Amino acid sequence: MAAETTAGKTERINLLKVLGPVHVWALGVGIVLVGEYMGWNFSVQKGGAYGSLIACLFIGLLYTCVAMIDSEVTSTVAAAGGQYAQAKHIVGPLMAFNVGLYLVLAYTMLEAADALVVGDLMATVAGQTGHDGLDPRPFVVFTVAILAWLNYRGVFMTLTVNFVITAIAFFALVVLLIGVKPWNPGEILMHSELLTDLPYGWIGVVAALQFGMWYYLGIEGTCQAAEEVRSAGRSIPLGTMSGMITLLIAAIITWYMAVGLMPWEYLGQTFLPMYDAAVLTDNTFLIVVLFIGTIFSAIASANGCINDASRAWFSMGRDRYLPIWFAAVHPRYRTPYRAILFLVPVAIAFGFTGLLDQVITFSILSGLLGYTFMSLNMMAFRRKWPLGSIKRGYIHPFHPLPALSLLVLCAATYFATFLGYGASLLAIMAFFIVASVWFHFHRYKFVRRADQFTMPWPKPKGY
Amino acid sequence: MENFWDILTWGAWIGAAALLLWMILDAIRVNREYSEELLISSREGADELLEADKKGGK
Amino acid sequence: MAKKRYQPPTQAGIGQFFDSIFIMALVFSSLYLSLKYEDLKAFLGFGGGEQAAGDAAASAAAVTWESLGQNPTMQAQWEKLGYTVDSAAEIINAKFDYSIDPVALIVTAVVVIGYFVFLFKVSDKEYRDVIGEKFDN
């Protein structure tokens with residue numbers, strides 16, 4: 001499509017506004033659903049089966065707060081940077097720079113982990129069909145390359161594909177649920193024999209909160225689509241809330257099936273809990289379905305991550321928080337193509353450093369820092385622009401309760417991370433502190449002050 | 001079966017290389033065909049800007 | 001009257017390139033740092049809730065499904081997943097130790113809270129400039 005050509009010097013190319021609520025759902029759920037196929041079960045290791053369930057419900061509450069808060073702010077700040085643009089308008093530049101980094105790093109690292117899952121699954125299947133020692137690397141690189149290509153060629157196709165494969169991955173879980181015959185306990189599901197008391201007591205439940213985040217981690221990524229969604233004020237809240245409901249359902253059936261099939265000690269350390277669950281049913285059809293579900297969920301997640309990370313990187317470039325070079329939009333496909341390209345080798349490097357544990361912890365913690373920001377941001381938003389002072393597409397109820405509960409749950413999750421991953425927590429904090437100092441003393445001098453504030457809002461209260 | 005996995009492995013390497021090469025070449029072509037000014041002309045909150053432009057009678 | 005607008009310098013290509021490389025180099029060094037930190041932490045005795053190695057060696061001689069607290073159903077599932085009593089024992093005996101080092105906890109809390117206080121303070125200073133330039137002209 002040709003550029004907007006109006007008279008004079010206002011010739012501009014912007015991102016395309018083509019997405020609907022379905023794409024928002026696909027982006028949010030697509031990124032997260034892989035967490036149901038793997039990752040959440042490490043919370044079982046930290047707190048036992050019931051500990052994981054309690055964590056799942058508490059963290060579900062956290063994310064419901066996240067979804068409500070995000071819906072309100074995004075329905076007002078409809079920009080590709082998502083939370084980054086929110087921070088820029090509501091808290092200030094340094095916060096925005098940090099939030100932008102949380103987004104880019106959390107998503108790019110998750111993308112690397114997803115691509116590794118695809119590679120490992122290929123190697124596993126090759127092993128099972130008699131070809132041992134398959135090199136997973138070409139499949140990792142291919143996954144990243146084809147998804148980057150899809151993203152490069154346009155957001156509509158990217159997220160339409162994501163909708164299809166995410167829906168298939170979700171239905172794979174439902175098929176497994178039917179396959180394990182929950183109406184006939186004792187035949188396949190053996191909850192009464194497999195469930196135990198809390199192995200570590202309540203401290204284990206708190207510790208489990210850390211990996212309980214996997215059930216929903218990334219749903220807030222729906223905001224990154226804001227600049228490409230038609231009537232964002234309506235579509236984003238709709239897509240995000242329906243995504244959150246989908247994930248709550250998926251989380252509970254996932255937990256229910258897995259703990260009815262595996263002893264908690266095994267479940268707590270396996271890398272492919274749902275695939276293992278299918279193997280335990282002895283049903284070839286279910287094994288194939290869950291294999292497809294696992295691969296699709298990983299691909300959907302990587303795809304959504306490329307979309308979100310590149311939008312955040314692009315937005316930071318556009319404001320010169322990062323080099324302006326990254327702010328280019330492809331004249332034909334209308335995508336942030338340089339940001340997409342730049343993050344390809346970065347994602348591959350994350351995958352190939354052999355530091356997967358560190359990468360995943362970094363990714364989760366970046367998410368957690370982002371949620372802490374959202375809670376504080378919400379309070380600042382309502383203070384600086386009270387209800388009625390600007391047009392909001394959606395107003396979440398019970399303010400400030402959701403923001404405060406989010407803050408409390410974040411504090412509990414920092415504590416959970418401290419239990420077992422205290423050192424990584426400090427190393428990551430060191431990174432953000434150094435990056436902040438670098439931004440304040442070096443990068444910020446390239447930023448045009450007033451130009452960052454793009455929303456047609458009145459002056460904030462108290463300034 | 002041996003052959004199948006070998007072909008798949010090579011296919012993945014070649015496919016990845018081809019896709020990456022295509023993107024790089026396309027990016028270079030775009031850089032040459034369009035001015036940098038146009039490429040980085042996107043603005044946040046463009047909706048409002050466009051409306052303002054229209055109201056401005058452009 | 002209108003204040004003078006801040007005019008940023010334009011960054012040359014080479015500077016842009018170095019800045020992009022710098023931020024990525026910083027990410028990778030902190031990843032390595034957290035790896036190296038494991039050693040440092042062991043040296044300082046830092047952190048809380050480490051995963052204790054199971055003392056499988058000590059109990060290896062006498063390990064049975066019953067001594068691991070596994071009932072027949074659990075045993076059947078382990079075996080179906082391809083584990084023997086010995087290989088399962090390694091997993092089952094690897095337990096977390098959630099004893100908390102108060103100094104480490106306080107240091108961590110101070111770092112996290114301090115980080116956010118620092119961010120909000122500096123951001124607010126920069127934000128006042130932005131608002132001033134945007135609305136006072």
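Bear in mind that the values here come from a model prediction, so they are computed numbers and not experimental data. Order of the sequence lines fixes the chain letters, A, B, ..., with proteins taken first and strands second; residue numbering starts at 1 for each chain.
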* **Heavy atoms of other groups near C:Phe22 CZ, more than 12 under 6.0 Å** => yes
* Within 6.0 Å of CZ in A:Phe352, more than 12 heavy atoms from elsewhere -> yes
What option among [options] has the most heavy-atom pairs under 4.5 Å with chain C?
options: A:Ala380, A:Ala411, A:Pro93; value: A:Pro93
options: A:Phe373, A:Phe342, A:Phe439; value: A:Phe342
options: A:Pro323, A:Pro458, A:Ala96, A:Ala435; value: A:Pro323
options: A:Asp451, A:Val279, A:Leu376, A:Leu322; value: A:Leu376
options: A:Ile203, A:Leu194, A:Leu280, A:Thr196; value: A:Leu280
options: A:Met262, A:Lys46, A:Met190; value: A:Lys46

Rounded distance (nearest 0.5 Å) linking atom [atom1] of [X] with atom [atom2] of [Y]:
X: A:Asn377; Y: C:Phe120; atom1: CG; atom2: CZ; value: 7.0 Å
X: A:Phe446; Y: C:Gln16; atom1: CZ; atom2: CD; value: 8.5 Å
X: C:Met74; Y: A:Glu265; atom1: CE; atom2: CD; value: 7.0 Å
X: A:Leu94; Y: C:Tyr127; atom1: CG; atom2: OH; value: 14.5 Å
X: A:Leu426; Y: C:Thr108; atom1: CG; atom2: OG1; value: 4.5 Å
X: C:Arg5; Y: A:Arg449; atom1: CZ; atom2: CZ; value: 11.5 Å

* When the ring centroid of C:Phe135 is compared with that of A:Tyr463, is the distance short of 6.0 Å? -> no
* To do: Measure from the ring center of C:Tyr83 to the ring center of A:Tyr266 and say whether it is less than 6.0 Å.
  => yes
So which part of [X] gets closer than 4.5 Å to some heavy atom of chain C, the side chain, the backbone, both or neither?
X: A:Ile324; answer: both
X: A:Val447; answer: backbone
X: A:Gln452; answer: side chain
X: A:Arg443; answer: side chain
X: A:Phe415; answer: side chain
X: A:His89; answer: backbone
X: A:Trp457; answer: backbone
X: A:Tyr200; answer: side chain

Quick one: does any side-chain atom of [X] pair with a main-chain N or O of [Y] as donor and acceptor, under 3.5 Å?
X: A:Lys459; Y: C:Ile131; answer: no
X: C:Tyr115; Y: A:Ile433; answer: no
X: C:Glu133; Y: A:Ala450; answer: yes
X: A:Gln358; Y: C:Tyr32; answer: no
X: C:Ser123; Y: A:Met95; answer: yes

* Asked: Considering only heavy atoms, which portion of C:Gln75 lies under 4.5 Å from any heavy atom of chain A: side chain, backbone, both, or neither?
  ->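 For C:Gln75, no heavy atom lies under 4.5 Å from chain A.
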* To do: Below 4.5 Å from any heavy atom of chain A, which atoms of C:Asp19 appear? Answer side chain, backbone, both or neither.
  => both
* Is a salt bridge present between C:Lys80 and A:Asp276, judged by a nitrogen-to-oxygen distance below 4.0 Å? -> no
